[in-house]
Student: 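Let me give you the structure first, and then I'll get to my questions.
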Amino acid sequence: MEIRNQVKMSIQSLSENVGIARITAAAFAAQLDFTLNEIEEIKVAISEAISNAVIHAYGHPDGIIEFTMNLYDDKVEYIITDIGKGIEDINLARQPSYSTDPERMGLGFVFMESFMDELDILSKQGQGTTVMMAKKFQSNVAH
Amino acid sequence: MNISTLLRQGVLTVRVEGELDMHVADEFRQVVDNAIDSYGVKNLILNLQGVSFIDSSGLGVILGRYKRINPAGGRILATDVQPQVAKIFELSGLLKIMKIYETESHALECL
């Protein structure tokens, strides 16, 4: 399917940028007539993916996260790539409550999965992680 | 983010404004922990009227405060929660340990 619009950002791995990324993602999604509720869901999913890259992939402010947003007729797609640590066991990381830190709930991937229609994670230890996710747009207009 | 704390009837009330994500989680933790320690309180009311967004980092820092006060029998009561934030609470299972009340006075009555 043809990409109708694309925005790419390079994001420094700073916590300040998590908010900037999700606001941008929401503005990009607003090109399709998503409901406010769906836009909120996208914001949470993006926040989780970018936070993971900042906290887990890099853990220092000098990393770069590549963030690509693609708009299609019927969906919006987000691709988040880091060249950080990588995930040892993706299936384990996708489980609820997978976190070694008592202050964290381990719900990052759970939220990405519940709020988006597609979620793919590619990761290699020592090389980095790519998270691809998409939300489908269902037109509410009956013809 | 803006956080203010006040002590009323022996209960610590924390009012938060902004987006509760990883960027503000540390500040939230420090302010609330300092207030818990300096007032020596058991229970905490969290007024989230001004919170328009929360993600798992925000949930984590609330859970962390619960783990801190719970050994002494303390509870966290959330009030004035916006619908999109309430939905995240519900999905996360956090409502098992933290109840939502309409207003601060409702929450105070239930303590």
Side-chain angles (χ1 to χ4, degrees), chain A residues 11-26 34-61 65 80 93-116, chain B residues 1-3 14 16-34 36 44 46 48 50-71 74 76 78 81-98:
Chain A
I11 301 171
Q12 203 185 328
S13 54
L14 286 170
S15 63
E16 288 89 326
N17 293 335
V18 175
I20 294 171
R22 69 171 171 262
I23 300 283
T24 310
F34 283 114
T35 62
L36 282 179
N37 190 32
E38 288 167 329
I39 297 276
E40 283 303 319
E41 293 179 343
I42 289 171
K43 279 166 69 180
V44 175
I46 297 300
S47 205
E48 301 300 345
I50 305 285
S51 296
N52 275 351
V54 172
I55 303 167
H56 301 297
Y58 292 117
H60 60 74
I65 302 155
I80 296 110
R94 289 177 81 147
Q95 299 300 312
S97 299
Y98 167 78
S99 182
T100 43
D101 183 343
E103 296 262 327
R104 311 200 61 81
M105 293 193 78
L107 287 172
F109 283 117
V110 176
F111 282 160
M112 289 182 235
E113 210 156 76
S114 350
F115 293 151
M116 304 300 273
Chain B
M1 187 181 61
N2 265 320
I3 314 173
V14 180
V16 193
E17 271 171 41
E19 307 205 317
L20 206 39
D21 67 1
M22 68 165 285
H23 181 52
V24 299
D26 279 342
E27 189 193 345
F28 180 91
R29 178 186 308 115
Q30 279 164 20
V31 171
V32 176
D33 282 356
N34 282 343
I36 291 172
L44 201 152
L46 203 53
L48 298 174
V51 174
S52 53
F53 177 88
I54 193 163
D55 63 11
S56 67
S57 300
L59 296 172
V61 81
I62 293 175
L63 180 70
R65 308 293 63 68
Y66 173 79
K67 287 180 175 169
R68 245 191 124 226
I69 59 173
N70 185 250
I76 300 184
V81 183
Q82 296 191 28
Q84 68 272 26
V85 173
K87 184 180 143 188
I88 300 293
F89 283 158
E90 204 170 306
L91 278 170
S92 69
L94 201 70
L95 294 182
K96 283 181 212 146
I97 56 152
M98 180 183 76

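Quick note on labels: first sequence line is chain A, next is B, and so on, each numbered from 1.
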Student: Find the distance between CD1 (A/I50) and CG (B/D55) and round it off to the nearest 0.5 Å.
Tutor: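 Result: 11.5 Å between the selected atoms.
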Student: Please state whether the side chain, the backbone, both or neither of A/V54 comes within less than 4.5 Å of a heavy atom of chain B.
Tutor: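 Only the side chain of A/V54 comes within 4.5 Å of chain B.
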Student: Looking at A/G19 and B/D21, what are the two nearest heavy atoms and their distance?
Tutor: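 For A/G19 and B/D21, the tightest heavy-atom pair comes out as N-OD2, 4.1 Å.
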Student: Sort by residue number and list every member of residues 40-48 of chain A having a non-hydrogen atom under 4.5 Å from chain B.
Tutor: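 Within residues 40-48 of chain A, the residues under 4.5 Å from chain B are A/E40, A/E41, A/K43, A/V44, A/S47, A/E48.
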Student: Against chain A, label B/I88 side chain, backbone, both or neither, depending on which of its atoms sit under 4.5 Å from a heavy atom there.
Tutor: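 Interface part for B/I88: both.
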Student: At a 4.5 Å cut-off on heavy atoms, which part of B/F53 comes close to chain A: side chain, backbone, both, or neither?
Tutor: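 Just its side chain gets close to chain A.
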Student: Does atom CD1 (B/I97) have a neighbourhood of more than 12 heavy atoms from anything else shown, all under 6.0 Å?
Tutor: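 It does: B/I97 CD1 has more than 12 such atoms within range.
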Student: Roughly how far apart are A/I20 CD1 and B/H23 NE2, rounded to 0.5 Å?
Tutor: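 Here the rounded value is 9.0 Å.
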Student: Drop me the distance from B/L59's CG to A/F111's CZ, to the nearest 0.5 angstrom.
Tutor: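 One gets 5.0 Å once the value is rounded to the nearest 0.5 Å.
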Student: Please check if the number of heavy atoms outside A/E16 that lie under 6.0 Å from its CD is greater than 12.
Tutor: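 Atom CD in A/E16 is crowded, with more than 12 foreign heavy atoms closer than 6.0 Å.
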